[in-house]
Each structure stands twice: as structure tokens, then as C-alpha cells.
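Accompanying notes for the structure given below.
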Amino acid sequence: MTINILFAAKSGRWETYQGPLTDALEEAGLDFDLRPDFPPEQVDYIVYAPNSSVQDFGPFTNLKAVLNLWAGVEDVVHNDTLTVPLARMVDHGLTQGMIEWVTGHVLRHHLGMDTHINGQDGQWRTQVPPLAQDRPVTILGMGALGQACAAALTALGFFVTGWSRSEKAVPQVTTLHGTDGLQSALRTAQILVLLLPNTPATTDILNAETLAQLPRGAVVINPGRGPLIDDTALLTALDSGQVGHATLDVFRTEPLPADHPFWAHPKVTVTPHIASATREDTASEVIAENIRRGEAGEPFLHLVDRTLGY
Ligand code: NAP
């Protein structure tokens, strides 16, 4: 039987995905019909971006799974009309992009690059930066992206602590978990990287109380999600010197409004949600593998836990 696959994403994405997805589905040996439009009751799988026009899954009466193109699922996970398995995106290309962005921004602050980039003023500043082994970095969120970034940072010699919901062992990383572990994870963090999903349990996880637990002058790097941070508390901590700098890629409102104080703050670097993105070629392989699994009766990869919200 031909497998009917609906591609549901914003216009423009179909043109970029059609070729790579077709190649990957063929490579997986599947008999398929891939289109951006189908009568809902004929659809077996939806390749899905949460900002697509499909918001009611009710009419998709024969649906077997929704395969999210994004790593973050907060805009679809609470949709009551979705009753079939939901898989999120774990994509080698997306992971590699995040490793590069996080490593670059950690190194910027670790080496104090701004001193020399902004200070071409004839002064001979001779302060040598410490080695990575003397720079404790904490990553909140030790999932696909957090662990990959931890591996890259430990390979450079950084002393990495990772924090997650459940207990885990990660080579060369000091791991902590749960509410009890958070304070210890923050206490040593000269550089703090947020790679948590946006869920009710992680909203405002960085607030006045937890920011105060960081060493004075710590740097906050957030490529996770905007709601992880209480913006007002962060601005207060920046102004007091409790936080030395914040490099922020994600925001409660995106695009970040032009009058938001983050834009003008001298201790904030704004990047426009470009830390990483799903890459068509590698993501298509993941989608094709999941459809192959679905058809073979094997467990889907990267299933979302709807009760946890990620
Ligand atoms: P993931 O594999 O699901 O990992 C999430 C991690 O967060 C896990 O370690 C999980 O703990 C931990 N976590 C979740 N809730 C927690 C809680 N209440 N307390 C403590 N730890 C908690 O996700 P991922 O693929 O690494 O992606 C992480 C996030 O990055 C995504 O959700 C997305 O928001 C963001 N992202 C941003 C960009 C960008 O361009 N800026 C691109 C891609 C992704 P357990 O391991 O115990 O489950």
C-alpha cells in the first residue's frame, strides 16, 4: 500500500524539502506519495512544522504519527486534537549547528574576546585568559543538544557540569539532576548555557532567586527558549553586576520587539534565533527512518512525552 505523507509547513519550506525528503524516502525503500496537500482522511503521516496551517488534527482519521520538523514541540504538544504519536526532531545537522554556536559564544566570553575586538585604542592590554580547565561551564538541559555541546566543550578542556530532570551519566561531565541539583549546578557556573525545552516546569527557571545563586559576574547564554528566563530579573542582575553578560538567541516574543531593553543593553548580545536550525538533508533522513519504523511496527525515534511536554 502506498504511504500518504502530508508535508505541512509554511510556504517556501515545501520547495526546500521536496527533493531531500523524496530522496530519503526512496533511499528507505518506501512506496510513498508525498504532497503538500491531501484529503485529511487519506493521510498516514504528517511531516509537521507547528506554524503550519494544520492546527486541527481531528479530520486526519487514519493518521499514524506526526513527525515534527523542529526540536521544540511546545506549540503542538498541548494540542488536544492530536492523539497519535508525536516525534520531535533530533537531527545531526541541527545538533552540529548548535555545537558550533554554543562553542563559539562560550569561547568569546572565556577568552574575553570583546576586550580586544572593541578596544583597538592603542592600549596594550596584557591579561592572559585562563585555560578552559579553569573555567567551569554549566549546561542546564542534558538532552540531545546539551550532551553534544558538553562533549565539544569537554574536548576543549572545559570543566562542564550538566543538569537534567532525570539522573544520567555523561562521560567527563559532572551530572546533577532534579530540583536539589539545580543550586549546585548554578553555584559554580562562570558560564551558564540553557538548553532546556519550554515546558511548565522550566518557565522562568532563571529568575531573581536562581540568578542570585550564580557566581558574581557569570555569563548567561540562552539558545534554549525565551520563557526559560524572567527578563526583568535578568536585566536587574545585569545592572547590578551579578550577571556579567547575557547572550540571548531566543525570546518570549520573536522577533524581539525593537523597543525591548535587551537591544540597547550594553551587557546583552541578541542573536535572532539562529543558534541552529533543522537541516533539510539530515532531517529528511530522520523523517524517512521514522516512517520506515512506523510501517515496520518498530518503535518511533525521538517520541515526545506528552505529559512532560518535551
Ligand atoms: P531534549 O533532548 O528533549 O533534552 C531536553 C533536556 O532538558 C533533557 O536533558 C531533559 O532532562 C531536560 N529537562 C527538561 N525538563 C526539565 C526540568 N523540568 N528540569 C530539569 N531538566 C529538564 O531536547 P534537545 O533536542 O536537547 O533541545 C533542547 C531545546 O533546545 C529544545 O527544546 C528547543 O527549545 C531548543 N532549541 C533551540 C534552537 C535554536 O536555534 N535556538 C534550535 C534547536 C533547539 P531529561 O534528560 O532528564 O529528560
Side-chain angles (χ1 to χ4, degrees), residues 49-51 67-78 86-105 138-153 160-170 173-186 189 192-207 210 220-229 246-256 269-279 282-283 286 300-310:
N51 63 356
L67 309 171
N68 209 48
L69 284 167
W70 302 354
V73 291
E74 65 269 36
D75 293 336
V76 58
V77 74
H78 304 297
L86 169 67
R88 62 193 201 85
M89 182 50 68
V90 176
D91 152 36
H92 170 72
L94 181 143
T95 302
Q96 182 59 28
M98 187 60 82
I99 289 172
E100 294 176 14
W101 189 92
V102 166
T103 306
H105 286 277
T138 290
I139 304 177
L140 301 188
M142 287 299 279
L145 298 177
Q147 287 198 34
C149 292
L153 292 170
V160 177
T161 298
W163 181 73
S164 52
R165 186 184 50 79
S166 57
E167 190 172 0
K168 45 178 50 81
V170 181
V173 176
T174 302
T175 50
L176 296 162
H177 69 280
T179 317
D180 295 346
L182 181 58
Q183 191 169 350
S184 306
L186 294 174
L192 179 71
V193 180
L194 304 184
L195 276 168
L196 292 163
N198 175 15
T199 72
T202 62
T203 301
D204 285 337
I205 198 152
L206 222 54
N207 52 43
T210 49
V220 172
I221 300 179
N222 185 16
R225 281 292 185 261
L228 300 175
I229 300 181
T247 295
L248 309 173
D249 184 59
V250 284
F251 306 91
R252 283 170 189 266
T253 304
E254 295 181 6
L256 184 65
T269 301
V270 169
T271 64
H273 202 144
I274 45 76
S276 192
T278 308
R279 314 286 156 149
T282 42
V286 177
F300 290 110
L301 296 171
H302 317 309
L303 271 187
V304 171
D305 182 326
R306 309 285 284 282
T307 53
L308 292 172
Y310 71 97

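Whatever order the structure lists them in is the order used to number ligands and atoms, beginning at 1. The figures that follow rest on heavy atoms only: side chains count, while hydrogens, waters and symmetry mates do not.
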**OP:** Examine distances only and state if a side-chain atom of Thr278 and a backbone atom of Leu69 form a donor-acceptor pair shorter than 3.5 Å.
**Re:** yes

Subject >> For Ala71, the ligand 1 atoms whose distance to one of its heavy atoms is below 4.0 Å >> reply: 43 (C), 44 (C)

**OP:** Do me a favour and list the nearest non-hydrogen protein atom to atom 40 (O) of ligand 1 with residue, atom name and distance?
**Re:** Ser276 O, 2.8 Å

Subject >> Euclidean distance, Leu176 CG relative to Leu182 CG, rounded to 0.5 Å >> reply: 9.0 Å

**OP:** Using the salt bridge (charged side-chain N to carboxylate O under 4.0 Å, His left out) rule, collect all pairs that involve residues 197-206, keeping only residues at least two apart or in two chains.
**Re:** Asp204-Arg252

Original post:
So which heavy atom in the protein is nearest atom 48 (O) of ligand 1, and how far is it from that ligand atom?
Top reply: Tyr310 OH, 2.5 Å

Original post:
Hey, does Ile274 come in under 3.5 Å of ligand 1, counting only N/O atoms on both sides?
Top reply: no

Original post:
Counting heavy atoms only, which part of Trp163 comes closer than 4.0 Å to ligand 1: side chain, backbone, both or neither?
Top reply: side chain

Subject >> Nearest protein heavy atom with distance in Å, relative to atom 28 (C) of ligand 1 >> reply: Leu195 O, 3.5 Å

Subject >> From the candidates Met98, Lys168, Met142, the one that places a heavy atom nearest atom 38 (C) of ligand 1 >> reply: Met98

Original post:
Between atom CG of Asn222 and atom CG of Asp249, what is the distance when rounded to the nearest 0.5 Å?
Top reply: 8.0 Å

**OP:** Provide, to 0.1 Å, the distance between atom 27 (O) of ligand 1 and the closest protein heavy atom, together with that atom's residue and name.
**Re:** Leu145 CD1, 3.4 Å

Subject >> Nearest atoms (heavy-atom pairs only) where Asp75 meets Pro50 >> reply: CB-CB, 3.7 Å

**OP:** Using distance alone, determine whether Gly141 and ligand 1 share an N or O pair under 3.5 Å.
**Re:** no

Original post:
Between atom CE of Met89 and atom CG of Leu67, what is the distance when rounded to the nearest 0.5 Å?
Top reply: 8.0 Å

**OP:** Look at ligand 1 and say whether Asp249 reaches it with a heavy atom at a distance under 4.0 Å.
**Re:** yes

Original post:
Which residue owns the protein heavy atom closest to atom 37 (C) of ligand 1, what's the atom, and how far is it?
Top reply: Pro223 O, 3.0 Å

**OP:** Give yes or no for whether the N/O distance cutoff of 3.5 Å, strictly under, is met between Gly143 and ligand 1.
**Re:** yes

**OP:** Provide, to 0.1 Å, the distance between atom 35 (C) of ligand 1 and the closest protein heavy atom, together with that atom's residue and name.
**Re:** Gly224 O, 3.5 Å

Subject >> Contacting atoms of ligand 1, where contact means under 4.0 angstrom from a heavy atom of Val250 >> reply: 41 (N)

Listed pairs under 3.5 Å, donor-acceptor, residues 138-147 side chains, sequence neighbours left out:
from, atom 1, to, atom 2, distance (Å)
Thr138, OG1, Ala185, O, 2.8
Gln147, NE2, Met142, O, 3.0

Subject >> Geometric N/O contact Arg165 with ligand 1, under 3.5 angstrom >> reply: yes

Subject >> Distance in Å, Ser184 OG paired with Trp163 CH2, rounded so as to fall on 0.5 Å steps >> reply: 11.5 Å

**OP:** State whether the side chain of Thr202 and the backbone N or O of Leu228 hold a donor-acceptor pair below 3.5 Å, judged by distance alone.
**Re:** no

Subject >> Residue His273 vicinity, atoms of ligand 1 by number, heavy atom under 4.0 Å >> reply: 39 (C), 40 (O), 41 (N)

Original post:
For Thr202, is at least one N or O under 3.5 Å away from an N or O on ligand 1?
Top reply: no

Original post:
Which heavy atom of the protein is the closest neighbour of atom 5 (C) of ligand 1, given with residue, atom name and distance?
Top reply: Pro197 CD, 3.7 Å

Original post:
For the atom pair CG (Leu248) and OG1 (Thr271), what is the distance rounded to the nearest 0.5 Å?
Top reply: 8.0 Å

Original post:
Can any side-chain N or O of Asp91 pair as donor or acceptor with the backbone N or O of Arg279 at less than 3.5 Å?
Top reply: yes

Subject >> Contact check, Asn198 vs ligand 1, heavy-atom distance below 4.0 Å >> reply: no

Subject >> Closest approach of any protein heavy atom to atom 29 (C) of ligand 1, naming residue and atom >> reply: Leu196 O, 3.8 Å

Subject >> Nearest heavy-atom neighbours spanning Gly309 and Val73 >> reply: O-CG2, 3.9 Å

**OP:** Show the numbers, then the answer: is there a side-chain contact (heavy atoms from CB on, under 4.5 Å) between Thr282 and Gln96?
**Re:** CA-CA 11 Å; Thr282 42; Gln96 182 59 28; over 6 Å; no

Original post:
Which pair of heavy atoms, one from Leu194 and one from Leu206, lies closest together, and at what distance?
Top reply: CD1-CD2, 4.0 Å

Subject >> Numbered atoms and elements of ligand 1 in range of Ala201, under 4.0 angstrom, heavy atoms >> reply: 18 (N)

Subject >> Any Glu167 heavy atom less than 4.0 Å to ligand 1 >> reply: no

**OP:** Would you tell me which option among Arg88, Arg225, Glu74, Gln147 has the nearest heavy-atom contact to atom 23 (O) of ligand 1?
**Re:** Arg88

